[in-house]
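Written out below as structure tokens is the structure these notes cover.
One-based numbering, in listed order, for ligands and for the atoms of each. Small disclaimer: the values here were computed from a predicted structure and weren't measured.
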Amino acid sequence: MKNNKIIIANWKMKLSLAESLDLARAVKEKFKDFSGGQVAVCPNFISLKEVGDILKGSPVKLGAQNVFWEESGAYTGEISPRQILEAGCSYVIIGHSERRKYLNVNYEMIHKTIKTVLSFPDLVPVVCVGENWDERKTDRRDYVLFDQVQQALSGLNIPGEQKIIIAYEPIWAIGSGTAIEPAEAEYAHKIIRITLNDMFGLKVVSNNFSVIYGGSINSHNVKGFTGLEDIQGLLVGGAGLDAEEFFQVAKSVASGKEED
Ligand code: PGA
């Protein structure tokens with residue numbers, strides 16, 4: 001179980017090309033001796049290739065923030081799994097809540113995208129789920145998570161060694177500056193895991209799936225999330241935009257692992 005924690009930074013649409021390259025160099029330097037888990041950064045599309053070139057030889061891997069469900073064709077503005085693989089990606093975020101909110105991405109699209117990505121063994125999907133504030137307030141969170149996981153993954157055949165990451169991101173916590181209570185995240189992770197167990201069986205879930213948390217994690221609140229068995233890693237936004245802050249978050253996650 002050593003080194004199985006996952007720490008992924010989503011740089012969103014926040015950096016220029018030059019800023020992305022500077023951050024990639026700083027991250028590479030900070031993480032040069034890091035062995036406490038899997039680490040990845042997800043820059044914007046125009047920065048992917050050059051960030052990937054900078055990260056060569058570093059334990060930090062490259063991820064894309066999105067991908068399309070067709071492999072090629074007349075799909076203006078979209079990018080295919082093969083293209084992000086060519087750019088050097090090992091991970092891809094699918095169905096981030098900002099895309100669900102601003103671009104009407106739904107779980108039918110997310111399902112099709114995961115299905116396509118699963119035919120590329122070198123690409124690990126990071127599938128986002130999470131309830132909004134209204135759903136939480138009206139006590140529908142458990143059902144929403146169950147439903148999202150079902151819609152995203154039902155009927156899919158998970159190839160033997162394929163890893164799949166589910167990112168639980170309560171929409172109301174993203175970018176708010178306040179993470180949810182670790183115990184609440186842990187409970188949500190249990191719901192997700194029970195749903196996955198029902199769908200795929202315990203063996204596949206423990207071999208192939210990881211469930212990570214995202215939403216306003218930083219170097220101060222991360223401690224509450226480390227060492228919790230059901231939280232296998234973190235997806236960070238804001239905290240990933242500063243190499244030192246990102247490193248502190250990753251270090252805490254890694255040391256949480258070593259303690260148990
Ligand atoms: P945040 O973003 O850490 O800035 O809240 C998390 C995310 O959107 O994945």
Which of the atoms of ligand 1 are close to [X], meaning less than 4.0 Å from one of its heavy atoms?
X      : answer
Ser216 : 1 (P), 3 (O), 5 (O)
Gly238 : 1 (P), 3 (O), 4 (O)
Leu235 : 9 (O)
Gly215 : 5 (O)

Without hydrogens or angle criteria, can the side chains of [X] and [Y] be said to hold a donor-acceptor pair below 3.5 Å?
X      : Y      : value
Tyr91  : Gln38  : yes
Asp142 : Tyr187 : yes
Trp11  : Glu19  : no
Thr195 : Asp198 : no
Ser219 : Glu245 : yes

Q. Any nitrogen or oxygen of Val236, main chain or side chain, under 3.5 Å from a nitrogen or oxygen of ligand 1?
A.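 Not met; the criterion fails.
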Q.
Quick test of your reading of the model: are Glu244 and Lys251 salt-bridged, counting only N-O distances below 4.0 Å?
A. no
(Q) Tell me whether Glu131 is salt-bridged to Arg140, with the criterion being a basic N under 4.0 Å from an acidic carboxylate O. (A)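 Salt bridge flag = no for Arg140 with Glu131.
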Please state which protein non-hydrogen atom is closest to [atom] and give its distance, to 0.1 Å?
atom                   : result
atom 7 (C) of ligand 1 : Glu169 OE2, 3.2 Å
atom 3 (O) of ligand 1 : Gly237 N, 2.9 Å
atom 2 (O) of ligand 1 : Lys12 NZ, 3.3 Å

(Q) For Gly175, state whether at least one heavy atom is located under 4.0 Å from any atom of ligand 1. (A)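 Yes; Gly175 lies near enough to ligand 1 that a heavy-atom distance drops under 4.0 Å.
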